[in-house]
Amino acid sequence: MGYRDLMLEVNLVDDSTKTIQSGEIERTISNPIMELQYGLYLYAQDKGYSMDMKVTGTQSVDVAGGDFTFEDYQKEIDAGRPVLVIITDHIMTGYGYNAETKEILFDDCYDADQRMTWDGVYDYAEEDRKLENIVTVGFFTADYDVDLAVTPIDGASEKIILAAEKNQLVSLDYCFVGTPIYLSFGASNLGTSPSASFDAYASIDEEQNILVASLSLEAGAKSNLQNVS
């Protein structure tokens with residue numbers, strides 16, 4: 001499991017804390033709040049965007065002992081994804097490069113169009129700072145219209161609901177790629193004898209079938225499944 005996947009599965013639900021002390025001041029802070037990626041995730045969510053957490057992550061660069069290269073940086077920029085450039089004790093926004101000189105181009109707060117060589121230093125606050133990490137950032141930009149094609153059985157009144165949150169009663173009009181969705185539906189045996197075991201599947205893009213439930217119902221029985229994700 002890579003660092004970015006680990007961050008998604010652990011850090012976003014991490015409830016541990018860390019105590020920080022400076023002089024006589026002491027504060028206990030939730031660990032996720034200390035993480036840059038978690039802050040990005042919350043900010044994007046607040047603005048109505050969905051982050052691709054398999055793309056977003058902190059990468060240690062090769063000139064600082066990691067394996068993220070200048071060529072990897074180029075790929076991110078060429079893919080249209082700006083990055084965060086981390087030098088010693090400072091973060092900036094990277095948006096371009098010069099392949100011939102192996103320079104990265106970035107904005108440093110109010111100083112735009114700055115540059116440094118990949119293995120060089122950048123003068124910040126009257127100190128030469130070295131490149132340490134690159135934070136890659138990705139967003140889900142595509143969305144799919146949701147069209148629930150339901151063929152009801154005569155006499156059945158069960159509803160099928162596709163929702164962005166648990167226990168919602170109205171189906172989505174659209175959903176973003178990569179965001180969780182919850183399926184709620186009911187099944188009824190309208191016959192006079194018990195049913196054989198059967199499986200219920202959900203179809204995505206008319207191509208992928210996902211098993212969501214395995215059922216068997218007595219005559220006249222109903223089964224309501226809620227918030228299947």
Side-chain angles (χ1 to χ4, degrees), residues 1-47 49-141:
M1 177 182 293
Y3 173 79
R4 288 171 289 188
D5 294 330
L6 183 65
M7 184 201 70
L8 174 61
E9 296 184 10
V10 178
N11 291 1
L12 297 187
V13 296
D14 185 2
D15 60 0
S16 60
T17 60
K18 181 178 182 179
T19 299
I20 298 176
Q21 185 170 0
S22 177
E24 298 181 355
I25 300 176
E26 182 177 290
R27 294 288 186 270
T28 299
I29 303 172
S30 173
N31 267 329
I33 295 176
M34 303 288 289
E35 303 248 0
L36 173 63
Q37 293 94 326
Y38 186 69
L40 285 172
Y41 176 87
L42 293 180
Y43 180 79
Q45 186 180 58
D46 180 68
K47 300 303 178 183
Y49 294 94
S50 180
M51 294 195 71
D52 184 351
M53 302 307 287
K54 290 186 177 181
V55 171
T56 303
T58 301
Q59 319 297 326
S60 179
V61 298
D62 54 356
V63 292
D67 55 11
F68 190 87
T69 66
F70 179 74
E71 289 71 27
D72 292 326
Y73 174 90
Q74 287 180 289
K75 290 177 183 177
E76 292 299 309
I77 302 303
D78 290 345
R81 294 191 294 261
V83 301
L84 297 180
V85 176
I86 299 181
I87 58 176
T88 307
D89 299 326
H90 191 52
I91 301 177
M92 306 172 292
T93 304
Y95 63 86
Y97 61 84
N98 184 319
E100 293 183 1
T101 59
K102 294 192 71 170
E103 289 178 304
I104 59 175
L105 280 62
F106 51 87
D107 285 346
D108 177 14
C109 301
Y110 48 81
D111 291 326
D113 301 325
Q114 302 298 296
R115 61 180 63 204
M116 69 181 292
T117 56
W118 186 255
D119 58 352
V121 295
Y122 175 68
D123 181 9
Y124 174 73
E126 300 182 351
E127 289 187 22
D128 287 339
R129 315 291 179 105
K130 292 185 177 181
L131 180 64
E132 296 180 349
N133 301 292
I134 294 292
V135 179
T136 53
V137 181
F139 294 91
F140 289 114
T141 57

| message | Taking E76's backbone N and O only, do any of them form a donor-acceptor pair with Q74's side chain (distance below 3.5 Å, no angle check)? | response | no
| field | Main-chain N/O of E127 paired to D123 side chain as donor or acceptor, under 3.5 Å | value | yes
| Any side-chain heavy-atom pair from V85 and L131 closer than 4.5 angstrom? | yes
| query | Between T69 and D72, is there a donor-acceptor pair closer than 3.5 Å when you use the side chain of the first and the backbone of the second? | reply | yes
| task | For the residue pair T28 and T19, confirm or rule out a side-chain donor-acceptor distance under 3.5 Å. | result | yes
| request: Verify whether one side chain among E132 and T88 offers a donor that lies under 3.5 Å from an acceptor in the other. | output: yes
| task | Under the side chain to side chain contact (heavy atoms under 4.5 Å, CB included) rule, what do V137 and V83 come out as? Steps first, then yes or no, please. | result | CA-CA 6 Å; V137 181; V83 301; 6.0 Å; no
| Euclidean distance, Y122 OH relative to R129 CZ, rounded to 0.5 Å | 10.5 Å
| remark: Here the gap from D62 atom CG to W118 atom CH2, rounded to the nearest 0.5 Å, amounts to 6.5 Å
| message | Under a plain distance cut-off of 3.5 Å, with no hydrogens placed, do Y73 and D78 share a side-chain donor-acceptor pair? | response | no
| Parallel, tilted or perpendicular: ring planes of H90 versus Y124, cut at 30 and 60 degrees | parallel
| Do side-chain atoms of T136 reach the backbone of T56 as a donor and acceptor pair under 3.5 angstrom? | no
| field | Rounded distance (nearest 0.5 Å) linking atom CZ of F106 with atom CG of L84 | value | 13.0 Å
| task | State, yes or no, whether a side-chain contact exists between V135 and I86 at a heavy-atom distance under 4.5 Å. | result | yes
| said: Donor-acceptor check, side chain of D108 to backbone of D111, threshold 3.5 angstrom: yes or no? | reply: no
| So do T58 and F68 actually touch side chain to side chain, heavy atoms under 4.5 Å? | no
